[in-house]
Asks: 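Below is the structure I would like to discuss, written out as structure tokens.
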Amino acid sequence: MTPTDVHTILTSDSKTAETSRSLRAVVGQTFDAVLFDMDGTLIDSTPAVRRSWLAWAAERGLDASFLDARHGHPARDIVASLVPLEEFDAAFERIQQIEIADTDDIIILPGASEALTAIGEYRKAIVTSCTRPLAAARIMATGLFPPRVVVTVDDVLHGKPDPEPFALGARWLGFEPGRCLVVEDAPSGLRSAHAAGCTTLAVAGTHAAADLRADLVITSLLEVQFLSTASGILIAPRESMRRSNPQDHSYG
């Protein structure tokens, strides 16, 4: 099935825009760098994540309903909210063991490899809420070729939705956050990106488009192109999408 069969670009409106800032253009703009979230944006680890946390919750006798609202949050923050302080270290170590051991059926999402390949090595990064060992395990499981800059929760004092992860990713690449585009799938990650000053491109799937407060929301990375130019990364619609929607003016 081709992307034109199932995907349409969704323009942001008052429901998807941060109320504290004006919408920024994404398509047709050039950015110094692109910072990608990992789970739900580049790879789909949902089945493995759910199995792991269900197993962990069962071991501790916890109601697993907490899973529904915590996607995109660092595991250590989730654990800290659920167990007594004196049990945190053991509980956090245990969920890490379970998650690292379960990498079955983790896949690369459509358009992810193409996006990473299209962007020069010094203008891209992954910024994830995973620990570094877990990020490495999931990247290896998918065969995704990672960029040289990967920011994990181990590299920051405060994870998403704090601005520190994306601010650090931009700094490690040598750019200002305000000149970077963040590609995310989760509300907490988008809040982190906005707080860091980045422009945001949300990929619906893990969350409904209406729940994603971003400058632009799409349903797949296949809908856009990341074009390397002398001045940065130009975001453009795929020509097949433009041709299939001749009356669609959402590209700006």
Side-chain angles (χ1 to χ4, degrees), residues 9-12 16-43 71-74 109 111-112 114-116 118-130 135 144 146-153 155-156 158-207 209 211-221 223-228 232-236:
I9 284 190
L10 307 172
T11 55
S12 295
T16 58
E18 286 285 1
T19 56
S20 60
R21 67 199 270 284
S22 299
L23 286 173
R24 300 176 183 176
V26 176
V27 173
Q29 301 301 303
T30 298
F31 298 90
D32 287 345
V34 183
L35 312 176
F36 293 91
D37 171 56
M38 188 175 74
D39 293 281
T41 301
L42 295 174
I43 67 172
H71 177 74
H73 288 262
L109 285 168
E114 295 91 332
L116 289 177
I119 302 172
E121 195 60 41
Y122 295 94
R123 292 189 182 272
K124 62 187 175 187
I126 288 176
V127 179
T128 176
S129 292
C130 290
L144 187 74
R148 67 182 184 89
V149 172
V150 177
V151 177
T152 72
V153 72
D155 301 310
V156 298
H158 306 287
K160 302 173 187 178
D162 190 271
E164 185 180 357
F166 286 114
L168 181 61
R171 186 164 75 246
W172 278 3
L173 287 172
F175 300 114
E176 291 296 322
R179 288 288 310 151
C180 293
L181 176 69
V182 164
V183 185
E184 259 281 359
D185 77 305
S188 63
L190 292 169
R191 291 196 298 272
S192 172
H194 288 155
C198 303
T199 300
T200 53
L201 173 63
V203 183
T206 311
H207 295 269
D211 296 329
L212 298 173
R213 299 177 180 270
D215 295 300
L216 180 66
V217 182
I218 60 176
T219 57
S220 169
L221 286 175
E223 295 173 13
V224 294
Q225 296 183 84
F226 298 83
L227 305 175
S228 291
I233 307 304
L234 172 65
I235 312 303

Asks: Check for a donor-acceptor pair, side chain of Thr128 on one end and backbone N or O of Val153 on the other, with a separation under 3.5 Å.
Replies: no

Asks: Nearest 0.5 angstrom please: Ile43 CD1 to Cys130 SG, how far?
Replies: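 The SG atom of Cys130 is 7.0 Å from CD1 of Ile43, to the nearest 0.5 Å.
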
Asks: Of the non-hydrogen atoms in Ala196 and Ala167, which two are nearest, and what is the gap between them?
Replies: CB-N, 4.0 Å

Asks: At their closest point, which heavy atom of Cys180 faces which heavy atom of Phe31, and how far apart are they?
Replies: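 Smallest heavy-atom distance, with atoms named: C-CD2, 3.9 Å.
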
Asks: Are Tyr122 and Arg148 side-chain neighbours, meaning at least one heavy-atom pair lies under 4.5 Å?
Replies: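 They are in side-chain contact.
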
Asks: Take atom CD of Glu176 as the centre, draw a 6.0 Å sphere, and report whether it contains more than 12 heavy atoms from other residues, nucleotides or ligands.
Replies: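 Incorrect, the count does not exceed 12.
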
Asks: Nearest 0.5 Å, what's the NE2-OG1 distance between His194 and Thr199?
Replies: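 Nearest 0.5 Å value for the NE2-OG1 distance: 8.0 Å.
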
Asks: Do you know the tightest heavy-atom contact between Ser228 and Ala118?
Replies: OG-O, 2.7 Å

Asks: Could you state the interatomic distance from CG (Leu221) to CG (Leu201), rounded to the nearest 0.5 Å?
Replies: 7.0 Å

Asks: Partners of Asp32 by salt bridge (Lys or Arg N to Asp or Glu O under 4.0 Å), sequence neighbours excluded?
Replies: Arg179

Asks: If you look at every heavy atom in Pro165 and His158, which pair is closest and at what distance?
Replies: CD-O, 3.4 Å

Asks: Who passes side-chain hydrogen bond (donor to acceptor under 3.5 Å, both in side chains) against Asp162, sequence neighbours left out?
Replies: none

Asks: Which residue in the set Ile126, Leu173, Val34, Leu35 passes side-chain contact (heavy atoms from CB on, under 4.5 Å) when paired with Pro147?
Replies: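 Exactly one option meets the side-chain contact (heavy atoms from CB on, under 4.5 Å) with Pro147, and it is Ile126.
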
Asks: Grab the two heavy atoms, one from Gly159 and one from Pro74, that are nearest each other, plus how far apart they are.
Replies: CA-CG, 3.9 Å

Asks: Side chain to side chain contact (heavy atoms under 4.5 Å, CB included) between Val150 and Met38: does it pass, once the steps are laid out?
Replies: CA-CA 10 Å; Val150 177; Met38 188 175 74; over 6 Å; no

Asks: Might you point out which heavy atoms bring Leu227 and Ala236 nearest each other, and give the distance in Å?
Replies: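 So the two residues come closest at CD1-CB, 3.9 Å.
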
Asks: I'd like to check the side-chain hydrogen bond (donor to acceptor under 3.5 Å, both in side chains) partners of Arg171; sequence neighbours left out, ordered by chain and number.
Replies: none

Asks: Could you tell me whether the side chain of Lys124 and the main chain of Ile119 form a donor-acceptor pair under 3.5 Å?
Replies: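 Side chain of Lys124 to backbone of Ile119, a donor-acceptor pair under 3.5 Å: yes, one is there.
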
Asks: Roughly how far, to the nearest 0.5 Å, is CG of Asp39 from CG of Asp185?
Replies: 8.0 Å

Asks: How many angstroms lie between CZ in Phe166 and CG in Leu190, if you round to the nearest 0.5 Å?
Replies: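 Phe166 CZ to Leu190 CG: 8.0 Å, rounded to 0.5 Å.
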
Asks: If you define the side chain from C-beta out and look only at heavy atoms, does anything of Val203 sit under 4.5 Å from Val183?
Replies: yes

Asks: Going by heavy atoms in the side chains, are Val127 and Phe36 under 4.5 Å from each other?
Replies: no

Asks: Counting N and O atoms only, with roles assigned by atom type, does the side chain of Asp215 sit under 3.5 Å from a partner on the main chain of Arg24, one being a donor and the other an acceptor?
Replies: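 Present.
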
Asks: Before giving the answer on side chain to side chain contact (heavy atoms under 4.5 Å, CB included), spell out for Leu109 and Thr41 the whole-Å C-alpha distance, their side-chain angles and the decisive distance to 0.1 Å.
Replies: CA-CA 7 Å; Leu109 285 168; Thr41 301; 5.6 Å; no

Asks: Does any non-hydrogen side-chain atom of Cys198 lie less than 4.5 Å from one of Leu181?
Replies: no

Asks: Report yes or no: does Glu184 contribute a side-chain atom to a donor-acceptor pair with the main-chain N or O of Thr200 at less than 3.5 Å?
Replies: no

